[in-house]
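Protein chains get the first letters and strands the later ones, always in sequence-line order, with residue 1 at the start of each. Here the structure is a predicted model, which is why all the values come from computation and not from measurement.
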2 protein chains.
Amino acid sequence: MQMTSKIESFVMHCGEMGSRWGFNRTIGQMYGLMIIMPEPLSATTLSETLNISRGNVSMGIKELQSWRLVQVHHIPGDRKDYYGPAGSIWEMAQRVFEERRKREMDPTLSLLRATILDEPANEQEAYAQEKMREIHDLLETITHWAAELQTMSPEKLNTLMKLGAGVGKVLDMKAKLLSDSSRK
Amino acid sequence: MQMTSKIESFVMHCGEMGSRWGFNRTIGQMYGLMIIMPEPLSATTLSETLNISRGNVSMGIKELQSWRLVQVHHIPGDRKDYYGPAGSIWEMAQRVFEERRKREMDPTLSLLRATILDEPANEQEAYAQEKMREIHDLLETITHWAAELQTMSPEKLNTLMKLGAGVGKVLDMKAKLLSDSSRK
DNA sequence: ATAAAGTTTCAGAAATTTCTGAAACTTTAT
DNA sequence: ATAAAGTTTCAGAAATTTCTGAAACTTTAT
């Protein structure tokens, strides 16, 4: 399957950014191609279009599936698997965030929890544990927040984000309302 | 400088997570050690404590400085440089977020902007450009939002995060207030 | 000006990650 | 039961990233 130059440059860019997004070059390319093609693609098409070995495509799809980013499609009378992106662009972004949070924060959180429980053996350890507690509390706050943002619909999230710094004002407003009502 | 086992396991963990956080193993270890030691450390101490070559420490510090995560200290009468973490845990997290956003989203945003401007050459390109526009709009919204969160003080951010899903309710309340006032 | 104490750079070595392609496996149709 | 069409696995090759350590450089004190 031939790529036009615009499509090719997008796909190659996804490859270059791939490792920053949490996967590797070929996985980035595969995912980029799936996103901008209107129809799902077979593993063989991915392999030929991107000049990637068939085996590598198989491994890449497995990885993308572990991120819940691809959906398998079937065509009646055809036994091949066809792969396309799972969900809207918003949903994809949510999943990438969610997966990354899990991989980047959860292991640290559990190490910190375990370490903080122990009594400090000396002055230096007391300081270290204090710092660990600070990091722990921050990560926990972020985790809770992220979990709650996850439950919001894309539309509501979008409203919230577009509101931007306005959130600060809304908070002030809320604080004012509360103090008014407590005053009475 | 000897590390107690608790401190060592934290530092090693920072090393293992380092690459997920955007730097490499030794840089993660160096930063972890700086965070939990109450006093700034010299490059030589870092090198000896972590069993890392002096040259590698120098490169690592440069990298951490590019993230604005370390602060250089001087001791009167001593010409060595001593390195410690820059700012509070909250500020560190903000900087890591900010830098990663820059590295992960800005290049994509400019590629997309440029590609979308061109007229599509055919049906397939029209679809591809439509998808790119969707991604572009999402990244732009996130970028704006992140920029505005950056301007909030850690305390306010903390309040906002602790509020969590409550934000949804505050939004509803705001919507209600607006519709009430427009109705009158 | 010199030398001592320190830092940085960078070519090549070491370690790690990614990729290939052949073999093993699975599924489906007949 | 067999074979065709497909997928997955995995050992080793290739590519990439990280690290070392020696040489070059910089700063400071005298």
Side-chain angles (χ1 to χ4, degrees), chain A residues 1 11-34 40-67 70-84 103-104, chain B residues 1 11-34 40-67 70-84 103-104:
Chain A
M1 200 206 52
V11 170
M12 293 301 117
H13 178 84
C14 292
E16 282 151 36
M17 299 302 284
S19 55
R20 308 203 170 195
W21 277 89
F23 10 85
N24 65 33
R25 176 148 32 109
T26 44
I27 293 178
Q29 292 176 354
M30 287 169 50
Y31 191 46
L33 189 58
M34 285 181 204
L41 304 168
S42 71
T44 308
T45 306
L46 286 168
S47 165
E48 287 168 358
T49 308
L50 300 170
N51 273 293
I52 284 167
S53 77
R54 189 63 190 65
N56 200 3
V57 168
S58 172
M59 291 190 298
I61 287 169
K62 241 177 98 186
E63 174 76 5
L64 284 171
Q65 277 169 335
S66 83
W67 287 71
V70 293
Q71 188 172 8
V72 184
H73 298 253
H74 285 103
I75 295 179
D78 183 341
R79 68 162 73 155
K80 274 207 204 79
D81 285 346
Y82 290 85
Y83 303 94
R103 291 163 200 228
E104 294 171 6
Chain B
M1 201 207 50
V11 169
M12 292 302 118
H13 177 86
C14 292
E16 281 151 37
M17 299 301 286
S19 54
R20 309 203 168 194
W21 278 90
F23 12 85
N24 65 33
R25 175 149 32 113
T26 43
I27 293 179
Q29 292 176 353
M30 287 168 51
Y31 191 45
L33 189 57
M34 285 181 203
L41 304 167
S42 70
T44 308
T45 307
L46 286 168
S47 163
E48 287 168 356
T49 308
L50 300 170
N51 273 295
I52 285 168
S53 75
R54 191 61 192 66
N56 201 2
V57 168
S58 172
M59 292 190 298
I61 287 169
K62 242 178 99 186
E63 175 75 7
L64 284 171
Q65 277 169 334
S66 83
W67 288 72
V70 293
Q71 189 171 9
V72 184
H73 298 252
H74 286 102
I75 295 178
D78 184 342
R79 66 162 74 156
K80 274 208 204 76
D81 286 345
Y82 290 85
Y83 303 94
R103 292 164 200 226
E104 294 172 6

Just how far is it from atom CD of Q71(A) to atom CG of L64(A), taken to the nearest 0.5 Å?
13.5 Å
In this structure, how many angstroms lie between the P atom of dT7(D) and the CD atom of E63(A), rounded?
19 Å
Of the nucleotides dG6(C), dT9(D), dG6(D), which has the atom closest to the M59(A) side chain?
dT9(D)
Phosphate-side-chain proximity, K62(A) and dT7(D), N/O vs OP1/OP2 below 4.0 Å:
no
Centroid-centroid distance, W67(A) to F23(A), less than 6.0 Å:
yes
Gap between atoms NE2 and P, on H73(B) and dG6(C) respectively (whole Å)
18 Å
Kindly indicate whether the side chain of L50(B), heavy atoms from C-beta on, has any atom under 4.5 Å from the side chain of V11(B).
yes
For I52(B), is there any backbone N or O sitting under 3.5 Å from a side-chain donor or acceptor partner on S47(B)?
yes
In numerical order, the residues of residues 46-57 of chain B whose heavy atoms come under 4.0 Å of DNA chain C are R54(B), G55(B)
Could you pull out the closest heavy-atom pair between P40(A) and G84(A), with the gap in Å?
CB-N, 4.2 Å
In residues 20-29 of chain B, what residues come within less than 4.0 Å of DNA chain C, judged by heavy atoms?
R25(B)
Atom CD of E16(B) and atom CD of Q29(B): how far apart are they, to the nearest 0.5 Å?
8.5 Å
Please report, rounded to the nearest Å, how far the C1' atom of dT8(C) is from the CG atom of D81(B).
12 Å
Tabulate atom names and distances for all N/O pairs under 3.5 angstrom spanning the protein and nucleotides 27-30 of chain D.
| residue | atom | partner | partner atom | Å |
| --- | --- | --- | --- | --- |
| dT28(D) | O2 | R79(B) | NH2 | 3.4 |

Nearest 0.5 Å, what's the CG-CE distance between L33(B) and M1(B)?
5.0 Å
Suppose we screen for side chain to side chain contact (heavy atoms under 4.5 Å, CB included). Which residues come up paired with Q65(A), at least two apart in sequence or across chains?
I61(A), V70(A), V72(A), Y83(A)
Roughly how far, to the nearest 0.5 Å, is CG of N56(B) from CD1 of I27(B)?
7.5 Å
Rounded to whole angstrom units, what separation is found between the CD1 atom of I61(A) and the P atom of dT18(C)?
17 Å
Could you tell me the separation between the SG atom of C14(B) and the CE atom of M34(B), rounded to the nearest 0.5 Å?
11.5 Å
Rounded to whole Å, please give me the gap between NE2 in H74(B) and C1' in dT7(C).
11 Å
Whole-Å gap separating C1' (dT16(D)) and CD (E16(A))
15 Å
Under a cut-off of 3.5 Å for both distances of each Watson-Crick or G-U pair, what dot-bracket string does DNA chain C give, using [ ] for crossing pairs and | for inter-strand pairs?
||||||||||||||||||||||||||||||
CG of L64(B) versus P of dT18(D): gap in Å, rounded?
13 Å
Could you grab the distance from atom CE of M59(A) to atom CG of N24(A), nearest 0.5 Å is fine?
8.5 Å
What salt bridge (Lys or Arg N to Asp or Glu O under 4.0 Å) pairs are there with at least one residue in residues 55-66 of chain A, not counting sequence neighbours?
E63(A)-R103(A)
